Amino acid sequence: MYAVSAHKYLLITLVVLSGAFWSRAQNTSPVFTQQLFNKVNFNPAAVRQDPVVDVSLFGRMQWVGFKGAPKSMMLNASGYLPEIRSGVSGAVTGETVGLTFTLNAKFGYSYHIHLGRMNYLSFGLNAGVIYKNFEGSKIKLEDETDETVKREDVNDVKPDVDFGLMFTFNKFSFGLSATHLTAWAYDRKKDYFAPHEGYHAFIQFKGDISPVFAIDPYVAAHYVGDYFKAEAVVNFRILDAFWVGGGYRYNDAVVLMAGAKIGKVFSIGYSYDLGMGSMKRYHSGSHEIFLSLKFETTRKVGEVTDTPLMFE
């Protein structure tokens, strides 16, 4: 249970920490550090064309040591159907921020236009729902007659639609997408549960230097509601079996990551965000785990289109 004094400043602090501020920052679109490996949750066109079914799980503990800080999990799955030049995907994201819980589930479809052996343009659409719950009953006030904060559990479900496109040219990939397009149908000033529209862009390069070593830079920008994040990461691959990387998220954190392939199917990664923004004095960083399963599919020779997204 949460306890606050009758002092107005502490009451406002409670409301902030119990969801209002952090929900504005997260905006139903949590950013995962290792999301460069699987991006279909924010861009349904980013389905890889390798002969695999790709299942990825992300778990993130943000701002460790800060009470009410975000905890997020995301499950992505995608696969490509060469016979109809289409990709299918699904994503489920859950996040707890203070007293607020958000669940976003959606399915995606993408159509791929081939422009050459390693070049293609794809368009994708996600459709699903956003569920949001605020546990106001857990707020406990010293002044039980204070009615400035509603202490009741409330929840709602909203439809959700995303659109994305991705262009791949040789070793480059470039993507643009818009998420939570149904947000325009709501008045967020009156509806706490209304989603926030988002706009996303990324560019990625696969840089094979030798059979042993490769460098893969990745740059992304996310603008959701009125909150902006931009990041640049450089990932170093060794023998296509291990990777280490680092980068910077603007006005937020220095990023460190490492991972390995275990056999042909399983991969595991870990990242640590060293806070650099205004919140850094209040926490000890953010931790994230990435797990991936890639199941090969049966396909005739010549049906596979090469892709530069080796670790997606």
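All residue numbers in this chain count up from 1 along the given sequence. The shown structure was predicted, so the numbers you read here are calculated from the model rather than taken from an experiment.
Connection of Phe134 to Leu103 is not established within any shared hydrophobic cluster, with ILVMFWY side chains joined at heavy-atom distances below 4.5 Å, either directly or through further cluster members. When hydrophobic clusters are built by joining Ile, Leu, Val, Met, Phe, Trp and Tyr residues whose side-chain heavy atoms come closer than 4.5 Å, directly or via intermediates, Phe295 is grouped together with Leu57. Transitive grouping of hydrophobic side chains (ILVMFWY, heavy atoms separated by less than 4.5 Å) keeps Tyr199 and Tyr227 in distinct clusters. In the hydrophobic clustering of this structure, Met276 does not group with Leu256; members are Ile, Leu, Val, Met, Phe, Trp, Tyr whose side-chain heavy atoms approach within less than 4.5 Å, directly or through other members. In the hydrophobic clustering of ILVMFWY residues, with side-chain heavy atoms under 4.5 Å counting as a link, Ile130 and Phe107 come out apart.
Contact record, Gly164 with Ala45: O-CB, 3.5 Å, taken as the closest heavy-atom pair. Residues Phe37 and Asp54 approach most closely at O-OD2, 4.4 Å, considering heavy atoms. Of all heavy-atom pairs between Val40 and Ala46, the closest is CG1-O, 3.5 Å. Nearest heavy atom pair, residue Ile215 against residue Pro217, reads O-CD, 3.5 Å. The two atoms that bring Leu176 and Ala201 nearest to each other are CD2-CB, 3.6 Å, heavy atoms only. Nearest heavy atoms, Trp243 versus Ser267: CH2-CB, 4.1 Å.
In this structure, the ring of Phe228 has its center no less than 6.0 angstrom from the ring center of His222. Between His112 and Tyr80, the ring center distance clears the sub-6.0 Å criterion.
For the pair Asp208/Arg237, a side-chain contact is recorded, criterion being any heavy-atom separation below 4.5 Å from C-beta on.
One finds the NE2 atom of His114 at 9.0 Å from the OH atom of Tyr120 (value rounded to the nearest 0.5 Å). Within the model, atoms CG of Leu81 and OH of Tyr111 stand 12.5 Å from one another, a figure rounded to the nearest 0.5 Å. Thr93 contributes atom OG1, which lies 6.5 Å from atom NZ of Lys106 (distance to the nearest 0.5 angstrom). Rounding to the nearest 0.5 Å gives a distance of 10.0 Å between NE2 of His287 and CZ of Arg60. Atoms OG and NZ, on Ser173 and Lys39 in that order, are 7.0 Å from each other to the nearest 0.5 Å. If you take CG on Leu36 and CZ on Phe290, they are separated by 8.0 Å, rounding to the nearest 0.5 Å.
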Stepwise side-chain contact (heavy atoms from CB on, under 4.5 Å) test for Phe266 and Leu291
CA-CA 7 Å; Phe266 183 67; Leu291 304 175; 3.8 Å; yes

Any chance you could lay out the side-chain contact (heavy atoms from CB on, under 4.5 Å) test for Lys132 and Thr100, step after step, and finish with the verdict?
CA-CA 7 Å; Lys132 200 168 188 178; Thr100 301; 3.8 Å; yes

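Between Phe205 and Phe172, the ring-plane angle classifies as tilted under the 30° and 60° cut-offs. Using cut-offs of 30° and 60° for the angle between ring planes, the Phe213 and Phe236 rings count as parallel. Ring geometry for Phe42 against Phe202 counts as perpendicular: the plane angle is over 60°, on a 0 to 90° scale with 30° as the lower cut. Aromatic ring pairs are classed by plane angle as parallel below 30°, tilted from 30° to 60° and perpendicular above 60°; the pair Tyr250 and Tyr248 is perpendicular.
Put simply, the side chain of Thr102 never gets that close to the backbone of Glu95: no donor and acceptor are under 3.5 Å apart. A donor-acceptor pair under 3.5 Å is formed between the side chain of Asn104 and the backbone N or O of Val129. The main-chain N or O of Val161 is never found under 3.5 Å from a side-chain atom of Asn126 such that the two would form a donor-acceptor pair. Side chain of Gln34 to backbone of Met257: no donor-acceptor contact under 3.5 angstrom is found.
Between the side chains of Thr33 and Asp273, at least one donor-acceptor pair of N or O atoms lies under 3.5 Å. Between the side chains of Gln35 and Asn76, no donor-acceptor pair of N or O atoms lies under 3.5 Å. Ser286 and Gln62 share no side-chain donor-acceptor pair at under 3.5 Å.
A salt bridge between Lys261 and Asp240 is absent, with no side-chain N of the basic residue lying under 4.0 Å from a carboxylate O of the acidic one. Between Lys158 and Asp191, at least one side-chain nitrogen of the basic residue sits less than 4.0 Å from a carboxylate oxygen of the acidic one, meeting the salt-bridge criterion.
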